[in-house]
Colleague: 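Have a look at this one before I ask anything.
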Amino acid sequence: MPAARHKPLLLLLALLVLGGCSFVDKTNTIEEISPVVLLYLDEGNDGSVKLSTIIPPLKKEKKSVITTSSNTLIEGRYLRNLKYYRETKGGQIRMIFFSEAMANRGLTSLLDTLLRDPEISSRVFLSVVRGDMIGYLNRQMQSGQEEIDLYLYKMFAHYEKQGQLTTSNVHEFLARVYNPYADPVLPYYAVANNELRYSGTALFRGDKMVGKIPLSDDVFFQMLREKRGVQKTVPLSEADVVLGSIKTERQIHFTDSFRNVHIDVMLKGRVEEVPAGQKTDSPRELQEFERKLERRIQEKLEKIIDRTQALRVDPFGLGMHTVGWKERPFTREQWDQRWPDLDVTIHVSLKLEHTGMLDSHADRDEDAARAPCVARQ
């Protein structure tokens, strides 16, 4: 009797095998998908968008840059899939480069479209690039650097962790676009001599790029932008001095009328290089040397403040320091009108350590200890 119960099941299995049916899907859908790691967006003709990416990003095949031109990003993705035998997906996008022309045009609508795709993370790195980005990518792949997209992603991740250069992602950028007291920034790169070089910080009013901080001033921009940070190298070319391992701290204080703001920048580090003939043998000479460098740095910071006020942008978020626990003295429109004419006072305090020279602070204490005692009357 038990054997008779299994006869219908054995008969069904035999029929399935003879009929050629199988419970295993012979099509591996993962192999039919090509994830996108890098996007480059440029302005096309008649207001269109040129969308470029590296295909394929992961498989061991010959790589190339594929470009489509369309009025919308969704249409561009559709046209890209028509050009390539695999379906491209955005779930692995790690970075988006915008041309300077596209950044001047505005980025909100593009980023909003990308965020509507549930596969795309809001932590995607963003940057502005000047020059022939497509040519740069093609030349890198032709020279054997086929994983250039993954290399660039690791570079961005390193800079984000290091904290010395400007980095931003979709979440941070849009948060500042809609922040009433702060304007967004993006890293600014340039293609030159077959290299992609960090060249400063792109400044935005709303979602449109209106200017930039050049590389020569970018290290000082970071001092104002971050509450605390570390700059490994601070060149002061006018004084022929290079500072190193500079710990920075920024404090902001508004007057009661909100017509003046005081920015204190405290710096602590060492001297990497000094000009020939610079005397620092005595405490007085070292103090004079420190005061000279403080004035140089203060001039740099004041220049950056003047630049941002002229552009009517607040990349430092100074307006956020006007907000109290229960009150907001300015609307977005009111702060935009107040910031360009605000009186900004900057004070720089520099303390040099481990210079191989005499420590001015220690020497002052030692001199005081050696001074003769004077009896109080």
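Just so you know, residue 1 is the first one in the sequence shown, and it goes up from there.
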Colleague: Closest heavy-atom contact between Arg312 and Trp339?
Modeller: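 Looks like C-CD1, 4.3 Å.
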Colleague: Do Met223 and Val234 make a side-chain contact, defined as non-hydrogen atoms from C-beta onward lying under 4.5 Å apart?
Modeller: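 Yes. Closest side-chain heavy atoms under 4.5 Å.
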Colleague: If every non-hydrogen atom of Arg328 is compared with every non-hydrogen atom of Pro180, which pair is closest and at what distance?
Modeller: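 Minimum heavy-atom contact is NH1-CG, 4.2 Å.
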Colleague: Side chains of Glu302 and Gln298: any donor to acceptor distance under 3.5 Å?
Modeller: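 Result is yes, a qualifying pair exists.
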Colleague: At what distance, to the nearest 0.5 angstrom, does CZ of Arg105 lie from CG of Asp42?
Modeller: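 Between Arg105 CZ and Asp42 CG, I get 10.0 Å after rounding to 0.5 Å.
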Colleague: For a quick check under 3.5 Å, do Asn71 and Ser48 share a side-chain donor-acceptor pair by atom type?
Modeller: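 No.
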Colleague: With clusters defined by side-chain heavy atoms of hydrophobic residues (ILVMFWY) lying less than 4.5 Å apart, directly or transitively, does Ile304 cluster with Ile252?
Modeller: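 Per the 4.5 Å side-chain linkage, Ile252 and Ile304 are co-clustered.
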Colleague: Under 4.5 Å between any side-chain heavy atoms of Phe220 and Lys303, yes or no?
Modeller: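 Result no, sub-4.5 Å side-chain heavy-atom pair not found.
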Colleague: Under 3.5 Å, is there a donor-acceptor pair between the Tyr188 and Glu100 side chains?
Modeller: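 Yes - a donor-acceptor pair under 3.5 Å links their side chains.
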Colleague: Is there a donor-acceptor pair closer than 3.5 Å between any side-chain N or O of Asp314 and the backbone N or O of Gly319?
Modeller: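 The answer is yes, because a donor-acceptor pair under 3.5 Å joins these two groups.
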Colleague: Could you check if a side-chain atom of Thr233 sits within less than 4.5 angstrom of a side-chain atom of Val242, using non-hydrogen atoms only?
Modeller: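 The answer is yes, as the side chains (C-beta and beyond) meet within the 4.5 Å cut-off.
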Colleague: Is Arg250 salt-bridged to Asp264, going by a charged N under 4.0 Å from an acidic O?
Modeller: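 The answer is no: the pair does not qualify as a salt bridge.
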Colleague: Report, as yes or no, whether the 6.0 Å neighbourhood of atom CE on Met155 holds more than 12 heavy atoms from other residues, nucleotides or ligands.
Modeller: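 Yes, because the 6.0 Å sphere around CE of Met155 holds more than 12 heavy atoms from other groups.
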Colleague: Out of curiosity, does Leu38 fall in the hydrophobic cluster containing Ile134 (side-chain heavy atoms, cut-off under 4.5 Å, transitive links)?
Modeller: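 Linked within one cluster.
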Colleague: Where do Met133 and Leu196 land on the side-chain contact (heavy atoms from CB on, under 4.5 Å) test, with the steps shown first?
Modeller: CA-CA 8 Å; Met133 183 67 178; Leu196 184 67; 4.2 Å; yes
Colleague: Look at the rings of Phe254 and Trp335 and say which category their plane angle falls in: under 30° parallel, 30 to 60° tilted, over 60° perpendicular.
Modeller: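 If you compare the ring of Phe254 with that of Trp335, the planes turn out perpendicular.
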Colleague: Looking only at atom types and distance, does a side-chain atom of Glu249 sit under 3.5 Å from a main-chain N or O of Leu267, one as donor and one as acceptor?
Modeller: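 Not at all, since once roles are kept as given, no pair shorter than 3.5 Å links the two residues.
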Colleague: With a 4.5 Å cut-off on side-chain heavy atoms, are Lys300 and Glu238 touching?
Modeller: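 Yes - at least one pair of side-chain heavy atoms lies under 4.5 Å apart.
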Colleague: Do the side-chain N and O atoms of Asp218 and Gln222 include a donor-acceptor pair separated by under 3.5 angstrom?
Modeller: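 Side chains of Asp218 and Gln222: pair found under 3.5 Å.
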Colleague: Could you check if a side-chain atom of Met102 sits within less than 4.5 angstrom of a side-chain atom of Lys50, using non-hydrogen atoms only?
Modeller: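 Not in contact.
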Colleague: Where do Glu273 and Asp240 land on the side-chain contact (heavy atoms from CB on, under 4.5 Å) test, with the steps shown first?
Modeller: CA-CA 8 Å; Glu273 185 176 345; Asp240 295 327; over 6 Å; no
Colleague: Between Gln309 and Leu342, is there a side-chain heavy-atom distance shorter than 4.5 Å?
Modeller: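 The answer is yes; the side chains approach within 4.5 Å.
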Colleague: I'd like to know whether NE2 of His171 has more than 12 heavy-atom contacts from other residues, nucleotides or ligands below 6.0 angstrom.
Modeller: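 Counting other residues, nucleotides and ligands, NE2 of His171 stays at 12 neighbours or fewer.
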Colleague: In Å and rounded to the nearest 0.5 Å, what is the CG to OG distance from Leu137 to Ser64?
Modeller: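 Leu137 atom CG to Ser64 atom OG measures 11.0 Å (nearest 0.5 Å).
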Colleague: Do Tyr178 and Val124 belong to the same hydrophobic cluster, where Ile, Leu, Val, Met, Phe, Trp and Tyr are linked whenever their side-chain heavy atoms lie under 4.5 Å apart, directly or via other members?
Modeller: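 In one cluster: yes.
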Colleague: Answer yes or no: is there a donor N or O on one side and an acceptor on the other, between the side chain of Arg296 and the main chain of Val241, under 3.5 Å?
Modeller: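 Checked: no pair found.
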Colleague: Can you check whether Ala192's main-chain N or O pairs, donor with acceptor, with Glu195's side chain at less than 3.5 Å?
Modeller: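 Not a single qualifying donor-acceptor pair exists.
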Colleague: Please assess Leu186 against Phe125 for the test side-chain contact (heavy atoms from CB on, under 4.5 Å), listing each intermediate value before the final yes or no.
Modeller: CA-CA 9 Å; Leu186 289 182; Phe125 290 116; over 6 Å; no
Colleague: Atom CD1 in Ile297, atom CG in Leu236: separation rounded to 0.5 Å?
Modeller: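 Between Ile297 CD1 and Leu236 CG, I get 5.0 Å after rounding to 0.5 Å.
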Colleague: Answer yes if Val344 and Met266 sit in the same cluster of Ile, Leu, Val, Met, Phe, Trp and Tyr residues linked by side chain heavy atoms under 4.5 Å apart, and no otherwise.
Modeller: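 In one cluster with Val344: Met266, no.
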Colleague: So does Arg130 have more than 12 non-hydrogen atoms from other groups sitting under 6.0 Å from CZ?
Modeller: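 12 or below, so no.
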Colleague: Do Val265 and Ile263 make a side-chain contact, defined as non-hydrogen atoms from C-beta onward lying under 4.5 Å apart?
Modeller: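 Counting from C-beta outward, Val265 and Ile263 do come under 4.5 Å.
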Colleague: Output yes when a side-chain donor or acceptor of Tyr40 lies under 3.5 Å from a complementary backbone atom of Ser99, and no otherwise.
Modeller: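 No; judged by distance alone, with no hydrogens or angles, the pair does not exist.
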Colleague: Give, for atom CG of Leu126 and atom CG of Leu174, the distance between the pair rounded to the nearest 0.5 Å.
Modeller: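 Answer rounded to 0.5 Å: 8.0 Å.
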Colleague: Look at Asp183 together with Arg332 and state whether they make a salt bridge at an N to O cut-off of under 4.0 Å.
Modeller: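 Salt bridge: yes.
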Colleague: With rounding to the nearest 0.5 Å, note down the distance linking CG in Leu111 to CG in Leu107.
Modeller: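 Leu111 CG to Leu107 CG: 5.5 Å, rounded to 0.5 Å.
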Colleague: Are there over 12 heavy-atom neighbours, none belonging to Arg139, within less than 6.0 Å of that residue's CZ?
Modeller: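 Enclosed.
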Colleague: Hey, do the aromatic rings of Phe316 and Phe221 have their centres closer than 6.0 Å?
Modeller: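 Phe316 vs Phe221: aromatic centres under 6.0 Å.
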Colleague: Can you tell me how far CG of Asn169 sits from CD of Glu160, rounded to the nearest 0.5 angstrom?
Modeller: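 Spacing of CD (Glu160) from CG (Asn169) equals 6.5 Å.
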Colleague: Between Leu115 and Ser122, is a side-chain contact (heavy atoms from CB on, under 4.5 Å) present by the stated rule, with each step listed?
Modeller: CA-CA 7 Å; Leu115 286 180; Ser122 63; 4.1 Å; yes
Colleague: So, the side chain of Glu290 versus the backbone of Leu352: is there a donor-acceptor pair under 3.5 Å, distance only?
Modeller: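 Yes; at least one donor-acceptor contact below 3.5 Å.
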Colleague: Parallel, tilted or perpendicular, judged at 30° and 60°: which one describes the rings of Phe97 and Tyr189?
Modeller: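 The rings of Phe97 and Tyr189 stand perpendicular, inter-plane angle above 60°.
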Colleague: Do the side chains of Thr53 and Val65 get nearer than 4.5 Å, heavy atoms only?
Modeller: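 Heavy-atom side-chain distance check fails, nothing below 4.5 Å.
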Colleague: Would Leu311 and Val261 show up in the same hydrophobic cluster when neighbours are defined by side-chain heavy atoms closer than 4.5 Å?
Modeller: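 Yes, one cluster joins them.
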Colleague: For the pair Ser143 (side chain) and Met141 (backbone), establish whether a donor and an acceptor sit closer than 3.5 Å, ignoring hydrogens and angles.
Modeller: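 Checking the backbone N and O of Met141 against the side chain of Ser143, no donor-acceptor pair under 3.5 Å is found.
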Colleague: Mind listing the closest non-hydrogen atom pair of Asn194 and Tyr136 along with its distance?
Modeller: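 Taking every non-hydrogen atom into account, O-CE1, 3.8 Å.
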Colleague: Is it true that a side-chain atom of Tyr198 and a backbone atom of Ala190 form a donor plus acceptor pair closer than 3.5 Å?
Modeller: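 No, the answer is negative, given that no donor and acceptor are paired below the 3.5 Å cut-off.
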Colleague: Check this for me: does any side-chain nitrogen of one of Glu288 and Arg291 sit under 4.0 Å from a carboxylate oxygen of the other?
Modeller: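 Answer for the salt bridge query: no.
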Colleague: For Phe156 and Thr167, which heavy atoms make the closest approach, and how far apart are they?
Modeller: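 Looking at all heavy atoms of both residues, the closest pair is O-CG2, 4.3 Å.
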Colleague: Should Glu272 and Arg270 count as an ion pair when the cut-off is N to O under 4.0 Å?
Modeller: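 Here Glu272 pairs with Arg270 in a salt bridge, since their nearest N and O are under 4.0 Å apart.
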Colleague: Any donor and acceptor pair, going by atom type alone, linking the side chain of Arg338 with main-chain N or O of Phe258 inside 3.5 Å?
Modeller: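 Present.
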Colleague: Measure from the side-chain N and O atoms of Arg176 to the backbone N and O of Pro315, and report whether any donor-acceptor pair falls under 3.5 Å.
Modeller: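 Side chain of Arg176 to backbone of Pro315: a pair is present.
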Colleague: Looking at every non-hydrogen atom in both residues, tell me the closest pair between Ser168 and Pro187 and how far apart they are.
Modeller: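 Heavy atoms of Ser168 and Pro187 come nearest at N-CD, 4.2 Å.
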Colleague: For Leu110 and Gly106, which heavy atoms make the closest approach, and how far apart are they?
Modeller: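 Minimum heavy-atom contact is CD1-O, 4.3 Å.
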